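What follows is one structure encoded as C-alpha cells, with my remarks underneath.
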Amino acid sequence: MSLGQFLDDLVDLTGGTIVTFTPVTAVDKNNQPTTYGTAVPYATQIGGPVKYMHRESAQERTSSQTLYVFTPNQISAKDKVTLPSGYDGTTNPKIAQIDRQTDELGNCYTVIYLG
C-alpha cells in the first residue's frame with residue numbers, strides 16, 4: 001500500500017474536515033510574510049486543546065485547537081490556515097508550532113498547534 005492510499009484510508013476513517021492552507025511565498029526583511037500563494041485544501045482532523053512543549057521557549061503551552069493534517073506535503077508555521085465556519089474563535093488562527101510525524105518511509109502526517 002502506498003503512502004497516498006494509506007492517508008486516503010485514514011481520512012475515510014476519521015471523517016476529516018477540509019482545512020485550507022495558503023503557503024507563504026515571500027517574506028520581508030523582518031522575516032514576516034508579505035505574499036501568499038494559491039490556497040491548498042487538506043483533509044484534517046480538528047481536535048481540542050492539547051498541551052505541548054514549545055520548542056522556542058522550552059515551556060509547556062496549550063493549543064487553542066490542534067489540527068492533524070493527513071498529507072506528506074510540508075506545511076510552514078508562516079502559512080495561513082483557514083478553518084471552516086462553525087469553530088470557536090477566528091477562522092484564521094495563528095500557527096504556534098508544527099510537528100511532523102514520520103515513519104520509516106518519511107513524512108506521514110502533520111500535527112499543528114494553533115495559538
Side-chain angles (χ1 to χ4, degrees):
M1 173 183 288
S2 73
L3 178 59
Q5 291 169 324
F6 171 75
L7 292 174
D8 288 344
D9 289 346
L10 189 58
V11 169
D12 290 341
L13 290 172
T14 63
T17 301
I18 300 300
V19 173
T20 304
F21 291 87
T22 308
V24 66
T25 56
V27 295
D28 64 15
K29 63 181 178 179
N30 298 318
N31 205 25
Q32 297 301 310
T34 57
T35 317
Y36 292 91
T38 304
V40 180
Y42 290 117
T44 305
Q45 184 68 38
I46 301 176
V50 171
K51 288 185 179 184
Y52 67 97
M53 184 61 70
H54 190 253
R55 279 190 292 278
E56 291 179 25
S57 67
Q59 295 178 346
E60 187 176 84
R61 294 190 178 175
T62 302
S63 64
S64 60
Q65 291 177 311
T66 306
L67 308 179
Y68 302 89
V69 185
F70 305 113
T71 180
N73 298 335
Q74 297 289 323
I75 297 172
S76 166
K78 289 185 178 8
D79 292 350
K80 189 185 306 181
V81 59
T82 304
L83 299 175
S85 61
Y87 287 89
D88 293 339
T90 179
T91 57
N92 296 108
K94 182 180 180 227
I95 296 175
Q97 183 167 298
I98 295 177
D99 289 334
R100 289 175 183 82
Q101 305 299 313
T102 59
D103 62 11
E104 64 277 357
L105 298 176
N107 196 23
C108 188
Y109 68 96
T110 303
V111 181
I112 299 175
Y113 303 100
L114 302 178

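Since we're looking at a predicted model, the values are computed, not measured.
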I would like to know whether Q65 and Y113 meet side-chain contact (heavy atoms from CB on, under 4.5 Å); could you show each step before the answer?
CA-CA 6 Å; Q65 291 177 311; Y113 303 100; over 6 Å; no
The test is side-chain contact (heavy atoms from CB on, under 4.5 Å); show your working for I75 and V69 and say whether it passes.
CA-CA 9 Å; I75 297 172; V69 185; 3.8 Å; yes
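Checking Y52 against D99 by side-chain atom types alone, no donor-acceptor pair falls below 3.5 Å. Side-chain contact, R61 with Q97: no donor N or O sits under 3.5 Å from an acceptor N or O.
No option in N73, T20, T110 other than N73 meets the side-chain hydrogen bond (donor to acceptor under 3.5 Å, both in side chains) test with Y42. The only option from L114, T17, N92 that meets the side chain to side chain contact (heavy atoms under 4.5 Å, CB included) definition with L83 turns out to be L114.
Linking ILVMFWY side-chain heavy atoms closer than 4.5 Å, directly or via other members, places V24 and F21 in two distinct hydrophobic clusters. Connection of V81 to I46 is established within a shared hydrophobic cluster, with ILVMFWY side chains joined at heavy-atom distances below 4.5 Å, either directly or through further cluster members. At a threshold of 4.5 Å between side-chain heavy atoms, the hydrophobic network of Ile, Leu, Val, Met, Phe, Trp and Tyr places V27 and I95 in two separate groups.
Between D28 and N30 the shortest heavy-atom distance is OD1-N, 2.9 Å. Between A77 and I98, the shortest heavy-atom distance links the atoms N-CD1, 3.4 Å. Smallest separation of non-hydrogen atoms from A96 and G115: CB-N, 3.9 Å. Summarising the geometry of P49 relative to T62, their closest heavy-atom pair is CB-CG2, 3.7 Å, with the distance given to 0.1 Å. Heavy-atom minimum distance, P41 versus I18: CB-CG2, 3.6 Å.
Between Y68 and Q101, the closest side-chain pair of non-hydrogen atoms is not below 4.5 Å. Put simply, the side chain of V40 does not reach to within 4.5 Å of the side chain of T71, judged on heavy atoms.
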Result block: side-chain N/O donor-acceptor pairs under 3.5 angstrom for residues 31-38, not counting sequence neighbours:
{"from": "T34", "atom 1": "OG1", "to": "A26", "atom 2": "O", "distance (Å)": "3.2"}

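Atom NZ in K80 sits 15.0 Å away from atom NZ in K94 (nearest 0.5 Å). The distance from atom OH of Y109 to atom OG1 of T102, rounded to the nearest 0.5 Å, is 9.5 Å.
Residues meeting the side-chain hydrogen bond (donor to acceptor under 3.5 Å, both in side chains) test with T66, sequence neighbours left out: S63.
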